K.L.:
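Have a look at the structure that comes next, please.
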Amino acid sequence: MMKKNIFGFSLLLALIGLVSVPSAYAYFTTYADAEGEKEITLGNDTDIEEEVNDLTKHIVIANNEDSQPVYIRVKVFWVKGTKVDNVYINGENWSEGSDGFWYYSEIVDPGQKTTELTASIQTKGDKKPDFNVVVVSESTPVIYENNSPRPMDWDLN
């Protein structure tokens, strides 16, 4: 009786395996050919222009797009350590959001730049420390409704 159950179970497994072979074979042998090339651009073409003088980093974002105005925001990172106490960030037309990003309030047209955003380092002591202030920028195209720019909601982007 036990041998019949084992034989039946083995036969059932073999049948299930045979039934699934064609679909598995098709899955592993399907392929596609493509020729030629097409450039794909993801995102907007913006550049961060940075210059450091003394303990201040001067940041400007340039819109390199040919035809698309954009909204811009940046985030500034630094490591608080034994020598760097704090970084003060400010600039005309820039405001800090509750999420830590700095938002540029104006639309940046193609070929234009933002006003300068500065990140000034406050140090502990008189010695100038080695420091690294990292700037990350994000941009998104301006969407128009009834010939008026729609305010950017970065949470939806």
Side-chain angles (χ1 to χ4, degrees), residues 16 19-157:
I16 291 173
V19 169
S20 62
V21 166
S23 60
Y25 181 74
Y27 175 79
F28 288 111
T29 59
T30 302
Y31 67 93
D33 259 343
E35 291 184 18
E37 62 183 56
K38 177 68 177 160
E39 182 178 329
I40 298 174
T41 304
L42 301 176
N44 303 299
D45 186 13
T46 58
D47 285 327
I48 302 173
E49 298 174 3
E50 301 171 293
E51 183 179 313
V52 178
N53 292 327
D54 294 322
L55 295 177
T56 301
K57 183 175 261 193
H58 304 271
I59 305 156
V60 174
I61 312 298
N63 180 2
N64 299 327
E65 288 289 321
D66 292 331
S67 62
Q68 185 67 50
V70 294
Y71 290 111
I72 292 178
R73 71 179 181 174
V74 299
K75 193 157 197 173
V76 180
F77 298 93
W78 70 92
V79 177
K80 284 188 178 181
T82 56
K83 295 180 182 176
V84 175
D85 187 32
N86 207 347
V87 176
Y88 294 100
I89 303 168
N90 61 36
E92 184 179 338
N93 297 325
W94 290 95
S95 60
E96 185 176 16
S98 60
D99 56 0
F101 279 92
W102 285 82
Y103 292 86
Y104 192 64
S105 62
E106 304 293 320
I107 293 172
V108 182
D109 289 318
Q112 300 298 311
K113 299 178 181 182
T114 65
T115 58
E116 185 177 85
L117 181 68
T118 59
S120 300
I121 295 172
Q122 180 184 16
T123 63
K124 295 179 181 177
D126 295 333
K127 188 176 178 184
K128 289 185 179 180
D130 290 334
F131 64 91
N132 190 13
V133 175
V134 178
V135 179
V136 176
S137 75
E138 295 181 358
S139 62
T140 188
V142 175
I143 299 171
Y144 289 90
E145 292 178 351
N146 301 324
N147 294 328
S148 296
R150 188 173 77 187
M152 184 59 214
D153 184 357
W154 288 92
D155 292 332
L156 298 176
N157 200 13

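Position 1 is the first residue of the sequence, and the numbers go up from there. Remember, it's a predicted structure, so these values are computed and weren't measured experimentally.
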K.L.:
Restricting to salt bridge (Lys or Arg N to Asp or Glu O under 4.0 Å), what partner residues turn up for E50, sequence neighbours left out?
P.N.:
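Salt bridge (Lys or Arg N to Asp or Glu O under 4.0 Å) list for E50, sorted by chain: K57.
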K.L.:
So, the side chain of S137 versus the backbone of V74: is there a donor-acceptor pair under 3.5 Å, distance only?
P.N.:
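No: the side chain of S137 does not pair with the backbone of V74.
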K.L.:
Can you tell me which residue among I48, V70, T115 is in a side chain to side chain contact (heavy atoms under 4.5 Å, CB included) with I61?
P.N.:
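Option passing the side chain to side chain contact (heavy atoms under 4.5 Å, CB included) with I61: I48.
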K.L.:
How many angstroms lie between atom CD1 of I121 and atom CG of L55, to the nearest 0.5 angstrom?
P.N.:
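Here the rounded value is 6.0 Å.
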K.L.:
Tell me every residue that passes side chain to side chain donor-acceptor pair (under 3.5 Å) with D109, counting only those two or more places apart in sequence or in another chain.
P.N.:
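Scan of D109 (side chain to side chain donor-acceptor pair (under 3.5 Å), adjacent residues dropped) gives none.
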K.L.:
Check ring-ring contact (aromatic ring centres under 6.0 Å, His included) between W94 and all other residues, then give those that pass, not counting sequence neighbours.
P.N.:
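Y104.
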K.L.:
Quick check: does any side chain N or O of N63 sit under 3.5 Å from a backbone N or O of E65, one acting as donor and the other as acceptor?
P.N.:
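Pair found, side chain donor or acceptor close to backbone of E65.
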K.L.:
On a heavy-atom basis, which atom in P110 and which in Q68 lie closest, and how many Å separate them?
P.N.:
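Looks like CG-N, 3.5 Å.
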K.L.:
For residues 134-146, which residue pairs qualify under salt bridge (charged side-chain N to carboxylate O under 4.0 Å, His left out), counting only residues two or more places apart or in two chains?
P.N.:
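Residue pairs passing salt bridge (charged side-chain N to carboxylate O under 4.0 Å, His left out), neighbours aside: R73-E138, E145-R150.
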K.L.:
Does P149 have any side-chain contact (heavy atoms from CB on, under 4.5 Å) partners at least two apart in sequence or in another chain, and if so, which?
P.N.:
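With neighbours one apart ignored, the set is Y71, I107, V142, Y144.
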K.L.:
With sequence neighbours excluded, what pairs up with S95 under the side chain to side chain donor-acceptor pair (under 3.5 Å) test?
P.N.:
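Once residues adjacent in sequence are excluded, S95 has no partner under the side chain to side chain donor-acceptor pair (under 3.5 Å) criterion.
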K.L.:
CD/E96 to OH/Y103 distance, rounded to the nearest 0.5 angstrom?
P.N.:
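Result: 10.0 Å between the selected atoms.
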K.L.:
Any side-chain to backbone donor/acceptor pair from T118 onto N90? Under 3.5 Å, distance only.
P.N.:
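Present.
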K.L.:
Please give me the minimum heavy-atom distance between K75 and D99, naming the atom from each residue.
P.N.:
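In terms of heavy atoms, the two residues are closest at NZ-O, 3.3 Å.
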K.L.:
Output all residues satisfying side chain to side chain donor-acceptor pair (under 3.5 Å) with D66, sequence neighbours left out; order by chain, then residue number.
P.N.:
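Partners of D66 by the side chain to side chain donor-acceptor pair (under 3.5 Å) criterion come out as none, since no residue qualifies.
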K.L.:
Applying side chain to side chain donor-acceptor pair (under 3.5 Å), can you list everything that pairs with E49, at least two apart in sequence or on another chain?
P.N.:
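Applying side chain to side chain donor-acceptor pair (under 3.5 Å) to E49 gives K113.
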K.L.:
Checking N53 now: which residues fulfil side-chain contact (heavy atoms from CB on, under 4.5 Å) with it, not counting sequence neighbours?
P.N.:
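So N53 forms a side-chain contact (heavy atoms from CB on, under 4.5 Å) with E51, H58.
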K.L.:
Restricting to non-hydrogen atoms, name the atom on F77 and the atom on V136 that form the minimum distance, rounded to 0.1 Å.
P.N.:
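Smallest heavy-atom distance, with atoms named: CE1-CG2, 3.9 Å.
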K.L.:
Are T114 and N93 close enough that some pair of their side-chain heavy atoms sits under 4.5 Å apart?
P.N.:
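A side-chain contact is absent here, since even the closest heavy-atom pair is not under 4.5 Å.
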